[in-house]
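Remember, it's 1-based here, ligands and their atoms both numbered in the order they're listed.
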Amino acid sequence: MTLHFTNTMGHRLEPFQSIEPGKAGLYTCGPTVYDFAHIGNFRAYMFEDVLRRYLELSGFEVNHVMNLTDVEDKTIMAANKAGVTIFEHADKYIHAFFEDLDTLGIARANVYPKATDHIPEMIEIIKQLEEKGHTYESEGSLYYRITSFDGYGKLSGLTLDHLQSGARVDSDEYEKEDARDFVLWKGWKEGEPKWESPWGPGRPGWHIECSAMSSKFLGPHFDIHCGGEDNIFPHHENEIAQSEAANGCTFVNYWLHCRHLMVDGEKMSKSKGNFYTLRQLLEKGYKPRAIRYLLLSAHYRQPLNLTLEGITAADQTVRRLLDFQTRLKEASMSGPEGDPVPEIKTLVQGLEDGFKKHMDNDLDMPQALAVVFETVRDVNRHGDTTGLNRGDAALVLQALQKIDSVLNVLTQEEAVLDEQIEALIRERLDARKNKNYARADEIRDSLKAQGIILEDHAGGTRWKRE
Ligand code: AMP
Ligand code: ZN
């Protein structure tokens, strides 16, 4: 089987064929930067991280674009409340967002365009829509007439009965079963930021930014567009209406949406107040690797219920993988010399084939992980009975690390450890500067106990693992 995805457009499992061989253009709707992202948002970003990493493992060069929504109803309200400009307010939360991505080991997109940096591009698309007769003005705002676009509803499955053309909606988010003409350009209101436009001063509606920025960075027709399931309607439906009407070509080939992260059967969301931020979970002592594993271990098209017990269980599961990796590393360095034996070669082949087979099948992570843990069990059993030689261990380790280029729980753990070591080394240097030699020695001894050797030299301290 080659790589297949379930396309929300048409709800079918389809083989993935990129527009340009070996390359994949990926657009993922990013955060509205008015507050810390909650862990539900990170379910979406984690699914997209797994998708992107698996595309890369499958040989695609991925161009990943994620927008940052810095002008929208919520950012304006929050900035006004804080008494700062939307730019100052957004900067703080953009910074926090990147920190959270790093903590969770989510790879950075190639570019993070901000809405406020692309107002001219948005005005340009709106002008095209106006020229082609898809818009009308009302009370200083410009609206998209949804019945002017034949394909309206094709992503979400809304039928003509649900289209309320002429009924306008100004707010950026609204509920299903209520498809109305949506706003492209909002006339200026007291207390809101404003930009000049052919329709008077004001600001863009939310949906237009993704049409403008995706075509700027990926072209008018690209491979994959993702988001959480709540993005299907109205946001992605409106993006399609804008982009396809303006550019006259298919917008996106594959639409992928992840189901929500739930709490007690309800979507985790800011408005319901049933959310945790990543920072809150870390303060409670949960490890990033456990949160990462929990979020990625479910199938992206299945709802995932968050419980604190679930995070603890995820941590134990990652621990098993880490212990396995340690055993392999030790055996590959100090085990008996030798080439991999046939039994180990078969297990590794089974691991690689099994992981690929299930991931190719619409990123079926639960099945792919089942293969990983079967292999852990079988290799451990072989190690306990027959022993592992260096060749065996190196072969399994190589396969495990390839799989971890998608999971990113093993290397992620080492990166966090490295950071802790660096922090202790800085503390030791400070202690020595302050002539607190007892503390300095204590740090050296505690690191030595963890197998970390410090070497002092003129410019500072180097460290290595024993
Ligand atoms: P927002 O900042 O609300 O625009 O959301 C950013 C991303 O997070 C979007 O792709 C949403 O679909 C996604 N999202 C929001 N809440 C959840 C949730 N509870 N579970 C999964 N994804 C979510
Ligand atoms: Zn979007």
Side-chain angles (χ1 to χ4, degrees), residues 8 26-51 64-75 78 90 93-94 96-97 100-101 104 106 109 112-115 118 122 125 155-156 171-174 176 182 204-218 222 224-243 251-252 255-278 291 294-296 298-306:
T8 307
L26 172 66
Y27 188 92
T28 60
C29 290
T32 306
V33 281
Y34 72 110
D35 200 348
F36 296 107
H38 60 66
I39 207 76
N41 300 126
F42 284 109
R43 176 173 199 202
Y45 308 137
M46 190 64 75
F47 143 64
E48 292 154 359
D49 187 52
V50 166
L51 166 66
H64 179 193
V65 180
M66 177 180 269
N67 65 304
L68 300 172
T69 302
D70 57 353
V71 56
E72 191 246 28
D73 297 351
K74 288 182 294 217
T75 62
Y93 290 105
I94 289 171
F97 176 63
D100 288 353
L101 289 183
L104 285 173
I106 295 178
Y112 289 96
K114 280 191 225 169
H118 295 84
M122 295 188 221
I125 291 209
L155 182 71
S156 56
S171 91
D172 286 323
E173 287 174 76
Y174 49 99
K176 212 173 163 100
F182 59 92
W206 170 40
H207 311 293
I208 197 71
E209 70 181 63
C210 288
S211 286
M213 297 194 278
S214 62
S215 79
K216 172 166 176 177
F217 292 98
L218 296 171
F222 60 92
I224 309 175
H225 195 317
C226 300
E229 59 179 316
D230 57 322
N231 282 159
I232 298 172
F233 181 86
H235 185 49
H236 290 165
E237 197 69 74
N238 291 351
E239 280 186 38
I240 294 170
Q242 294 164 156
S243 294
F251 178 36
V252 166
W255 288 92
L256 272 60
H257 294 96
C258 72
R259 300 294 302 272
H260 282 145
L261 184 70
M262 314 291 283
V263 183
D264 298 328
E266 275 200 284
K267 174 192 172 191
M268 177 182 283
S269 73
K270 282 271 155 58
S271 57
K272 292 202 180 85
N274 61 350
F275 64 92
Y276 283 114
T277 62
L278 176 61
I291 301 166
L294 179 72
L295 292 177
L296 65 72
H299 196 295
Y300 78 94
R301 286 191 307 103
Q302 293 293 329
L304 169 63
N305 201 44
L306 179 85

So does Asp70 get a backbone contact from the side chain of Thr75, meaning a donor-acceptor N/O pair under 3.5 Å? yes
Give a yes or no answer on whether the side chain of Arg259 reaches the backbone of His299 with a donor-acceptor pair at less than 3.5 Å.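 No, Arg259 side chain to His299 backbone: no donor-acceptor pair under 3.5 Å.
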Are a donor atom and an acceptor atom from the side chains of His64 and Glu48 found within less than 3.5 Å of each other? no
May I ask you to check whether Asn67 and Glu209 show a side-chain donor-acceptor distance below 3.5 Å? yes
If you measure every N/O of [X] against every N/O of ligand 1, is any gap under 3.5 Å?
X      : value
Pro31  : no
Gly228 : yes
Glu229 : no
Thr32  : yes

Angle at the Zn ion (ligand 2) (to 10°), with one arm to SG of Cys29 and the other to OE2 of Glu239: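 Here the angle at the metal atom is close to 100°, to 10°.
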Need the ligand 1 atom indices (1-based, order shown) with element for anything under 4.0 Å from a heavy-atom of [X].
X      : answer
Lys267 : 16 (N), 19 (N)
Gly227 : 10 (O)
Met268 : 16 (N), 18 (C), 19 (N)
Asn231 : 9 (C), 10 (O), 11 (C), 12 (O)
Gly40  : 17 (C), 18 (C), 19 (N), 20 (N), 21 (C), 22 (N), 23 (C)

Heavy-atom nearest neighbour of atom 6 (C) of ligand 1 within options Tyr45, Tyr300, Phe275, Tyr34: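 The option holding the nearest heavy atom is Tyr45.
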Restricting to heavy atoms, the pick from Asn41, Leu295, Asn67 nearest atom 8 (O) of ligand 1 would be Asn41
Going by the side-chain hydrogen bond (donor to acceptor under 3.5 Å, both in side chains) test, name the single residue among Arg301, Glu229, His225, His236 that passes it with His257.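 Only one option passes, and that is His236.
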Aromatic rings Phe217 and His118: how do their planes relate, parallel, tilted or perpendicular, breaks at 30° and 60°?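 Because their plane-to-plane angle is over 60°, the rings of Phe217 and His118 count as perpendicular.
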Should the proximity of Lys270 to ligand 1, defined as any heavy atom under 4.0 Å, be assigned to the side chain, the backbone, both, or neither?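 Lys270 to ligand 1: no contact under 4.0 Å from either part.
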About how many Å separate OG of Ser269 and CG of Asp230, when rounded to the nearest 0.5 Å? 9.0 Å
Please check if the distance between the ring centroids of Tyr45 and Phe97 is under 6.0 Å. yes
N, O or S from His235 under 2.8 Å to the Zn ion (ligand 2): yes
Minimum-distance pair of heavy atoms, taken over all atoms of His207 and His235: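 For His207 versus His235, the nearest heavy atoms are ND1-ND1, 2.9 Å.
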For the residue pair Ala115 and Met122, what are the closest heavy atoms and their distance?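 Heavy atoms of Ala115 and Met122 come nearest at O-CE, 3.2 Å.
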Does His38 reach ligand 1, in the sense of a heavy atom lying below 4.0 Å from it? yes
